[in-house]
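Here's the structure, in structure tokens; my notes come after.
Numbers here are sequence positions counted from 1.
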Amino acid sequence: MSRRYSSSTWTEVCAFWGMVVAGFSHFFGGLFKGLVRWAFSDGEVGRILTRIADVCTLLGNIALLVAIAVPAWQFVKYKTKGWRVFYWISLVLFIIGVVFGVAITF
């Protein structure tokens, strides 16, 4: 009996599950925001659903970060130092953008 070994790399796994989590969280975040606009424009329920939508957006952005950062590192890790520095600067800017984007909504 032969053993089956996975041919998936860590990069492919991160990219796939990051896409799945980001897709679902952005979909349900948008659904909650639409529900708030349609039915609960004022009141406590509207605020709660808006917070849920914000958390879903945050989770989606974190999943995208993982899905993007790992393959991007695989791309630059054997390149020159300039490429690696550019990678880290871009990653930090992305993280700051996510944090500010979510912090403004809270």
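Summarising the geometry of A67 relative to G18, their closest heavy-atom pair is CB-CA, 3.7 Å, with the distance given to 0.1 Å. Residues A69 and L91 come closest through the heavy atom pair CB-CD1, 3.8 Å. Between A72 and Y87 the shortest heavy-atom distance is CB-CE1, 3.6 Å. Minimum heavy-atom separation, G60 to A22: O-CB, 3.5 Å. Here the closest heavy-atom approach between residue L59 and residue V21 is recorded as O-CG1, 4.3 Å.
A cation-pi geometry, defined here as NZ or CZ lying under 6.0 Å from the six-membered ring centre and within 45° of its normal, does not hold between K77 and F75.
Note on F27: it clusters hydrophobically with V20, by side-chain heavy-atom contacts below 4.5 Å among ILVMFWY residues. No continuous path of hydrophobic side-chain contacts links W88 to V85 [ILVMFWY only; heavy atoms under 4.5 Å].
Considering CG of L58 and CG of L65, their distance stands at 10.5 Å, rounded to 0.5 Å. Remark: T57 OG1 to I62 CD1 distance equals 11.0 Å, nearest 0.5 Å. Note that CH2 of W73 and OH of Y78 are 9.5 Å apart. Values are rounded to the nearest 0.5 Å. One finds the CZ atom of F94 at 5.0 Å from the CD1 atom of I68 (value rounded to the nearest 0.5 Å). A distance of 11.0 Å separates OG in S90 from CD1 in I95, rounded to the nearest 0.5 Å.
Ring geometry, W83 versus F86: the interplanar angle exceeds 60°, so the pair is classed perpendicular (tilted spans 30 to 60°).
Between the R84 side chain and the V76 main chain, no donor and acceptor come within less than 3.5 Å of each other.
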